[in-house]
Amino acid sequence: MMTTPLEDLLTTTRQFLDLLGLIVEISRPPLRANVPNTSQSSGSGWSYRDIGPSNASSTASTSPSSTDSQEENRYSWTGESPSVSTTTQASSSSGPHAPGDTSTLLLILACYIHILRLNVALFAHIREYFQMVSESDNRTIKPLPGLCGFDNFPLQSGNLQSTMIIHLVTNMFERIESLLGLPRELRLGSREVGNDGLLRSQGFLKLAQSLIHREDRGRPEEGKGGVKSLRSNMKKAKRLLRDHIAP
């Protein structure tokens, strides 16, 4: 099935976002269990010690009801009364940690810059096309075939289709920027900036900022201009859709 360059770019951006999410999950610090307090009593009992990810913050105590092998993995002898519980917690911050491999960080950064360039060029041409349509006698955008809305419902309005694409790309970039840990001045979106992210390893963020800032120079039609150009062309495109192009 043939796809358009727009669909290919949307798919590539989504795949990069999914890959970053996977790397973040892999890079999270391991969990460890605290040693229970043994000074409270001299009794003996069993404590629940399930340290799976879904129970990372839970605290529970119970009595053994079977000697099944699965239960043996979930309970351990503590030498304490049943009232003593074991708390499981992360060994450090639960946020994403940067991989220690510098070559991996460089590859992630290179992929981000490449996708940024493609989107900068795309929206520069989209804004030019919208400007041309807004100045013509027929201020209508034909919808692209194959692009659907909710539940595969086809969008018959080119204006609505274009508006959804802008919001979709904005949302994907906001999530990418959050996972990378980019500072506010390098972000397309306006979400809160945290102190963690894949590129926030010691010494690497400054290099990343320097390389991303270099994208600010050049012609947007050639993929240059960086986040500032992308943000500007998106705003102009949305204004043209709202004020000068038929819904």
Side-chain angles (χ1 to χ4, degrees), residues 2-23 102-135 141-144 146-147 158-159 161-191 193 197-200 204-241 244-245:
M2 296 293 293
T3 58
T4 65
L6 172 60
E7 290 174 290
D8 291 339
L9 180 53
L10 292 175
T11 300
T12 300
T13 305
R14 177 67 193 187
Q15 289 173 341
F16 180 63
L17 172 59
D18 291 341
L19 181 60
L20 288 180
L22 179 60
I23 295 174
T102 302
S103 61
T104 301
L105 295 177
L106 287 171
L107 181 58
I108 292 173
L109 178 59
C111 290
Y112 167 74
I113 291 176
H114 180 67
I115 289 177
L116 175 62
R117 288 175 178 176
L118 292 175
N119 280 277
V120 166
L122 170 67
F123 279 94
H125 290 293
I126 286 178
R127 194 267 307 163
E128 288 181 357
Y129 173 68
F130 288 174
Q131 185 69 45
M132 180 182 67
V133 171
S134 69
E135 296 171 355
I141 300 175
K142 293 182 179 180
L144 292 173
L147 290 181
N159 190 312
Q161 195 180 74
S162 301
T163 302
M164 289 186 65
I165 290 172
I166 293 173
H167 284 290
L168 174 61
V169 174
T170 300
N171 179 265
M172 286 194 292
F173 263 86
E174 286 180 338
R175 294 169 66 185
I176 288 172
E177 291 159 352
S178 178
L179 291 172
L180 293 178
L182 296 179
R184 185 172 298 279
E185 66 270 15
L186 296 179
R187 294 191 176 210
L188 175 65
S190 56
R191 292 190 179 189
V193 178
L198 292 172
L199 300 183
R200 284 187 175 267
F204 193 84
L205 183 59
K206 290 185 178 180
L207 173 62
Q209 288 177 283
S210 176
L211 293 175
I212 296 174
H213 274 304
R214 290 178 59 183
E215 296 298 308
D216 293 342
R217 300 186 293 271
R219 292 169 51 85
E221 296 81 3
E222 299 173 354
K224 297 293 184 178
V227 173
K228 292 180 180 179
S229 173
L230 181 57
R231 185 188 303 113
S232 174
N233 281 317
M234 279 184 165
K235 287 183 178 180
K236 291 176 181 178
K238 287 191 289 186
R239 186 167 60 249
L240 289 168
L241 288 169
H244 302 287
I245 296 177

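- One distance of note links CG of Leu186 with OH of Tyr112; it measures 7.0 Å at 0.5 Å rounding.
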Inset, instruction - May I have the step-by-step check of side-chain contact (heavy atoms from CB on, under 4.5 Å) for Ile212 and Leu182, ending in yes or no? - result: CA-CA 10 Å; Ile212 296 174; Leu182 296 179; 3.8 Å; yes
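- Interatomic distance, CD1 of Ile141 versus CG of Asn159, reported as 6.0 Å (0.5 Å rounding).
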Inset, instruction - Mind running side-chain contact (heavy atoms from CB on, under 4.5 Å) on Glu128 and Gln131 for me, showing each step along the way? - result: CA-CA 5 Å; Glu128 288 181 357; Gln131 185 69 45; 5.6 Å; no
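- The line from CD of Glu174 to CG of Leu188 is 7.0 Å long, rounded to the nearest 0.5 Å.
- Listed here is the closest heavy atom pair of Glu7 and Thr3: OE1-CA, 3.6 Å.
- Panel note: side chain Asn119, backbone Ile115; a donor-acceptor pair is recorded below 3.5 Å.
- Applying the salt bridge (charged side-chain N to carboxylate O under 4.0 Å, His left out) criterion to Arg117, with sequence neighbours excluded, gives Glu215.
- Between Leu179 and Leu17 the shortest side-chain heavy-atom distance falls below 4.5 Å.
- Across all non-hydrogen atoms, the minimal contact from Leu105 to Leu198 is CD2-O, 3.2 Å.
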Legend entry - Criterion side-chain contact (heavy atoms from CB on, under 4.5 Å) on Asp216 and Val227, from CA distance to verdict: CA-CA 7 Å; Asp216 293 342; Val227 173; 5.9 Å; no
Inset, instruction - Apply the test side-chain hydrogen bond (donor to acceptor under 3.5 Å, both in side chains) to residues Thr12 and Gln15: give CA-CA distance (whole Å), side-chain angles for both, the deciding distance (0.1 Å), then the verdict. - result: CA-CA 5 Å; Thr12 300; Gln15 289 173 341; 4.7 Å; no
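- The local environment of NE2 in His114 is sparse, with at most 12 non-hydrogen atoms from other residues, nucleotides or ligands closer than 6.0 Å.
- Remark: the backbone N or O of Leu9 is paired with a side-chain donor or acceptor of Thr13 at under 3.5 angstrom.
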Inset, instruction - Step by step, work out the side-chain contact (heavy atoms from CB on, under 4.5 Å) result for Phe123 and Val169. - result: CA-CA 10 Å; Phe123 279 94; Val169 174; 3.9 Å; yes
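- The line from NZ of Lys206 to CG of Leu211 is 14.5 Å long, rounded to the nearest 0.5 Å.
- The local environment of NZ in Lys224 is crowded, with over 12 non-hydrogen atoms from other residues, nucleotides or ligands closer than 6.0 Å.
- Considering CG of Asn233 and CD1 of Ile126, their distance stands at 9.5 Å, rounded to 0.5 Å.
- Considering all non-hydrogen atoms of both residues, Leu199 and Ala208 come closest at CD1-CB, 4.2 Å.
- Side-chain N or O atoms of Arg127 include none that pairs as donor or acceptor with a backbone N or O of Ala237 at under 3.5 Å.
- Residues Thr163 and Lys238 fail the side-chain proximity criterion, which asks for heavy atoms closer than 4.5 Å.
- The side chain to side chain donor-acceptor pair (under 3.5 Å) search around Glu185 returns Gln209, not counting sequence neighbours.
- Side-chain contact between Val120 and Glu222: absent, with no pair of heavy atoms (C-beta onward) separated by less than 4.5 Å.
- Shown here for Glu177 and Gly189, the closest heavy-atom pair between the two residues is OE1-N, 3.4 Å.
- Rounding to the nearest 0.5 Å gives a distance of 6.5 Å between CG of Leu106 and OG1 of Thr102.
- Nearest heavy atom pair, residue Phe16 against residue Ile108, reads CZ-O, 3.8 Å.
- Residues passing the side chain to side chain contact (heavy atoms under 4.5 Å, CB included) test with Leu19, sequence neighbours excluded: Ile23.
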